[in-house]
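Counting from 1, the numbers follow the sequence of the chain as shown.
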Amino acid sequence: MKVILLKGLGALVLIMILVGCQDSSSNEKEPINSKDEVPSESNKDATEINVTIDGLADHYHTGSTIQLTATTDKEVDHPHWHWFMLDPGASEWEVIEGQTTEKYEGEAKLDGVQLKAVLYDDNHEVLGESEPVTITIDDHHGLGHDEEAKKIYAGYFEDSQIKDRTLSDWEGDWQSVYPYLLDGTLDEVFAHKAEEDDSKTVEEYKEYYDRGYKTDVNRIVIEEDIVTFYENGNEYSGKFTYDGYEILEYDAGNRGVRYIFKHEDGVEGVPTYIQFSDHSIYPTDSYHFHLYWGDDRDVLLNELDHWPTYYPSELDGDGIVTEMIAH
């Protein structure tokens with residue numbers, strides 16, 4: 001009887017030792033390395049801090065700088081960050097060496113790369129992770145030749161290169177950049193312009209663009225042939241049809257093309273004409289545009305000092321700054 005009890009007690013002790021070893025092993029934390037995977041979707045709901053990425057541009061040019069910032073909805077003591085990337089066609093995320101703060105800076109090299117930011121505590125436990133963002137690269141090759149596309153963007157082209165366009169080129173939800181000028185967000189853009197071309201000071205550039213961007217129409221939505229204007233809390237919608245294009249000759253020697261659409265239904269608050277200028281002269285999706293509107297077609301064509309400018313509504317201020325500096 002004593003032998004049986006001793007054997008049972010020994011087995012119980014052995015089990016307790018093994019369990020203790022397993023607990024000790026599971027509590028050990030290894031530092032993250034380049035082979036570690038980003039936290040999976042299965043444990044994402046367990047994190048308590050929401051992480052978002054700001055500063056994403058609508059698109060980048062090859063070689064341009066990508067600057068992103070990860071933000072959290074709660075303050076974190078001693079935050080520790082890692083940024084991960086997923087190449088197109090790849091199945092596993094890879095940690096990006098040297099990116100260990102909430103700020104990410106990199107070069108636009110490959111279209112379709114996804115990036116995400118992951119926040120850790122001092123023990124490398126995940127506190128939160130962002131949704132992936134996708135880097136879109138568009139060098140505006142358009143006609144197939146980069147140098148030719150640059151000339152067209154700058155306003156140097158042949159009449160034979162101009163093609164008709166439809167309203168679908170500007171379809172989407174668009175925001176005016178004027179509020180970002182007023183709150184100082186675009187000051188970085190004006191400083192950059194002054195560095196690139198010292199014919200104007202920073203303040204002179206800001207004054208020039210203040211005249212150009214000024215508008216009370218802070219949002220425009222274009223869906224098929226319907227254009228909706230949002231102005232001072234009011235909303236006006238009308239149907240527009242294509243009315244051709246006009247070529248403008250500028251004093252500097254370059255040229256521009258205005259694509260014109262006409263509204264014939266007489267809806268109050270809706271202009272008779274809208275004219276788009278986005279530096280393109282053939283069918284292509286627009287990434288931003290200058291818009292002229294009014295009831296006199298010819299008067300609008302002579303307007304060169306006031307050009308309200310619109311970018312996609314999903315862009316934040318940092319994204320718009322990135323877009324403007326890239327161009």
For the side chain of [X] and the backbone of [Y], is there at least one donor-acceptor N/O pair under 3.5 Å apart?
X    : Y    : value
E303 : H306 : yes
R255 : F157 : yes
D296 : D298 : yes
D169 : D285 : no
D87  : A90  : no
D295 : T272 : yes
H263 : K239 : yes
W83  : T101 : yes
Q175 : P312 : yes
Q161 : E158 : yes

Under the side-chain hydrogen bond (donor to acceptor under 3.5 Å, both in side chains) test, residues paired with E246 that sit two or more places apart: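 side-chain hydrogen bond (donor to acceptor under 3.5 Å, both in side chains) check on E246 returns R297.
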Heavy-atom count check: over 12 atoms from other residues, nucleotides or ligands less than 6.0 Å from E224 CD?
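No, the 6.0 Å shell around CD holds no more than 12 heavy atoms from other groups.
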| message | Can you confirm if the aromatic rings of F229 and Y236 lie within a centre distance of less than 6.0 Å? | response |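 No, too far apart.
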Next on the checklist: Quick check on the 6.0 Å ring-centre criterion: do W307 and Y209 meet it?
Outcome noted: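 Yes, ring centres under 6.0 Å apart.
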Point-to-point distance, once rounded to the nearest 0.5 Å, from OH of Y311 to OH of Y287 |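 Taking OH in Y311 and OH in Y287, the distance rounds to 12.5 Å.
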- [ ] Measure the CD1-CG distance between I53 and L115 for me, rounded to the nearest 0.5 Å.
- [x]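 Interatomic distance, I53 CD1 to L115 CG, rounded to 0.5 Å: 7.0 Å.
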Student check: side-chain heavy atoms of [X] and [Y] closer than 4.5 Å:
X    : Y    : value
I135 : I66  : yes
D278 : R165 : yes
Y259 : I162 : yes
L248 : L301 : yes
D58  : T322 : no
Y292 : P308 : no
D225 : F240 : no
T166 : P283 : no

Between [X] and [Y], does at least one N-O distance fall below 4.0 Å, as a salt bridge requires?
X    : Y    : answer
K116 : E131 : no
D243 : R258 : no
D198 : K193 : no

* Kindly indicate, with the supporting measurements, whether the criterion ring-ring contact (aromatic ring centres under 6.0 Å, His included) is fulfilled by H288 and Y310. => CA-CA 6 Å; H288 79 274; Y310 296 84; over 10 Å; no
Apply side chain to side chain contact (heavy atoms under 4.5 Å, CB included) to residues L304 and Y250 and explain how you reach the verdict.
CA-CA 9 Å; L304 301 176; Y250 302 134; 3.9 Å; yes
What verdict does the side chain to side chain donor-acceptor pair (under 3.5 Å) test give for S277 and H290, after you've listed the backbone C-alpha separation in whole Å, the side-chain angles of each residue and the deciding distance to 0.1 Å?
CA-CA 5 Å; S277 175; H290 312 292; 5.5 Å; no
Tabulate below the donor-acceptor pairs under 3.5 Å that side-chain atoms of residues 102-113 make, not counting sequence neighbours, or state none.
unit_1	atom_1	unit_2	atom_2	d
K103	NZ	T69	OG1	3.2
E105	OE1	Q67	NE2	3.2
D111	OD1	I137	N	2.8

